[in-house]
Amino acid sequence: MTVKDMVYAALFAALTAALGLLPMIAVPGLPVPIHAQSLGVMLAGGVLGAKRGGLAMVVFLALVAAGLPLLSGGRGGIGIFLGPTGGFALGYIPGAFVTGWFVEKFWSRLNIVAALVACVIGGIGMVYLLGIPWLAAVAKISFMKAATGSLAFVPGDLVKAVLASLVAVSMKKSYPMIGRR
Amino acid sequence: MFEISLDRVTWLHRVPAGVKLAVLALAGAAVFLVADHRVLGGFVAVALLLPLSARLPVRAVARQSLPAAILIALLAGFHVLTSEPDTAIEVSARLATVILLAVTLTLTTRVSAMVEAIETAARPLRLVGVDPAKVGLTLSLAIRFIPVLFALVSEIREAQKARGLEGSVVAVVMPLLVRTLKMADDLADAIAARGYDAE
Amino acid sequence: MIEFDQVTMRFGELTVLDRISLSIAERRVAVVGANGSGKSTFARLLNGLIAPTDGHVRIDGLDTVKDARAVRRKVGFVFQNPDNQIVYPLVEEDVAFGLKNLKLPKDEIRTRVDAVLARYGMEHLRTRPAHLLSGGQKQMLAISSVLVMEPAYVVFDEPTTLLDLRNKRRVTRAIAEMPQTAVVVSHDLEFLEDFERVLVFEGGGIVCDAPPAVALPFYRDLMASVPDV
Ligand SMILES: Nc1ncnc2c1ncn2[C@@H]1O[C@H](COP(=O)(O)OP(=O)(O)OP(=O)(O)O)[C@@H](O)[C@H]1O
Ligand SMILES: [Mg+2]
């Protein structure tokens, strides 16, 4: 781990915390309001790449576990990981890593579509991949029930994926971070 | 630094963070291994008595457990409706125990003590090439960045409001990133300039 | 003794410094020049934050590239924006950071932190979160965190640019009073009047190297003569 790895990971952990301050956006037609915080997952991967992005989420979650009230609504503490939705929180780590992995793969020809694919697979796919089975196991409900219950959040997450892709592509033009030492 | 832990000294505050974490981990594992309702009831009772014995304010405990409590109630209701009342009791008792213990830990442990405990817990990771001192430094850096970013977010939102761009997430995130990445680069230099060796 | 031996610094196509040679033995040296003239680049070369494209920079005979670690110990660096150089959340932790890097024993770290905080009247801020300090207090913290390491040389890159008048005085007084050799990049010409030597940067080189009585009027004329682009 270089000094740059540490500083960037710390920065995006703090950024994810700061996104929790933005007000919820109620989008007409969506079942639940969108919260900007989980945008941090896709931004970390999409801007920093796999390793630093994943590390940023490790740092963010470690601070939450340590008891900083960084989750939306001023929540925090180790209990977040032990409840039924703990898998979604832990999913932030592979979520950012996989988003970053794809963005690195697509880097030389990164456009909005490629970035969107990366954000959807990483920032949505990986997070649900951990979150749903965890929910099913802890709550003792069937996998299908857990999956359909989580479905309400998918449209909001898709909106976030579009936002994160826009940011990732403009950052590549104005302040490229991937390949930077 | 703002934190969830209560700024007072109770007997639970005096218990080392590592001990509390170990108890939480053991209780968390144990509660998932038992199904006997009486034993589960015992777990819940202990989890309720701990915060009471330290006279933690009910409001603070409730505030931190509320989102989980709502979810637990929903799940219990679901299991009752699918005529599995036994499962409803099991699931809610287990989750209530774990959440209450975790909230109690969080309310009675300072962030700095938790960061130290995390650094200690990270020691075995040395074997896979993770330097625990770096873990500590990275966490401190993030704690140091948080108030700076909070202030910047408010500042940028004001500026965007003045330009009629309120509500646009991208209009907040882009300037935030450009300004803070420059800051991160400078900070990396400052760390190197003060003799920090990453190797 | 600071020595530049035929130092060239390029960023891609852009040559920022072109074959600079000089040696510095004075205790108060100022660096002035227009925006983008290479002052910060010059400053960063001094403690090996960047390596010259060509040539060598030596501090007391130590090469800033080959003996990077020893040079970092000798040369402290204070940046323009205190927010970007405070590493730890609490004042005392930040002051101790550099000393931990020197691997000093705990007792000595404590004594030195106490001494430097007392020296700059900041004992009462000891356990304060750094982000709650005023701009001037933050810059004094940044300076203390560097001076506590007892470097022989301290480089300042525009240390007062972001400060109000009162805090500017506080910081310039601290710089004036410190025993170390100071190399100061600044646009505050009044402050530089008491220096021993002033280097004026322009067009990739040093166009004037003289005491302030000569160099400052030269620099004022130079800035007045260049038309806006
Ligand atoms: N890492 C870098 N990569 C590319 N170009 C750089 C880099 N660092 C500096 N430059 C360029 O080198 C030139 C000199 O920069 P420098 O920061 O040394 O100027 P300065 O005299 O300190 O200016 P200012 O008064 O604005 O601080 C500028 O054109 C700058 O854009
Ligand atoms: Mg400069």
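A, B, ... follow the sequence lines: proteins, then strands. Residue 1 opens every chain.
Under the 4.5 Å side-chain criterion, counting only non-hydrogen atoms from C-beta, A:Leu15 is in contact with B:Leu177.
Summarising the geometry, atom CG belonging to A:Leu63 is positioned 7.5 Å from atom CD1 belonging to B:Ile118; distances are rounded to the nearest 0.5 Å. Of the inter-residue distances, the one linking A:Met6 atom CE with B:Leu137 atom CG reads 5.0 Å to the nearest 0.5 angstrom. With rounding to the nearest 0.5 angstrom, the CG atom of B:Leu24 is 5.5 Å from the CG atom of A:Leu82. For the atom pair CD1 (A:Ile78) and NZ (B:Lys20), the distance works out to 11.5 Å, reported to the nearest 0.5 Å.
With A:Leu11 as the fixed residue, the side-chain contact (heavy atoms from CB on, under 4.5 Å) test singles out one of B:Leu149, B:Val148, B:Leu141: B:Leu149.
Neither the backbone nor the side chain of A:Phe81 has a heavy atom closer than 4.5 Å to any heavy atom of chain B. Of the atoms belonging to B:Leu75, it is side-chain heavy atoms, and not backbone ones, that fall under 4.5 Å from chain A. Neither the backbone nor the side chain of A:Ile80 comes within contact range of chain B; no heavy atoms are under 4.5 Å apart. Proximity to chain A (any heavy atom under 4.5 Å) is restricted, for B:Val173, to the side chain, taken from C-beta onward. Residue A:Lys160 does not touch chain B at all, counting heavy-atom pairs closer than 4.5 Å.
For the pair A:Lys140 (side chain) and B:Val91 (backbone), a donor-acceptor distance under 3.5 Å is absent.
Of the residues considered (B:Leu176, B:Thr106, B:Ile191, B:Asp185), B:Asp185 shows the highest number of contacts with chain A, using heavy-atom pairs under 4.5 Å.
The two atoms that bring B:Leu95 and A:Pro84 nearest to each other are CD1-CG, 3.8 Å, heavy atoms only. When every heavy atom of B:Ala188 is checked against every heavy atom of A:Lys4, the shortest pair comes out as CB-CE, 3.6 Å.
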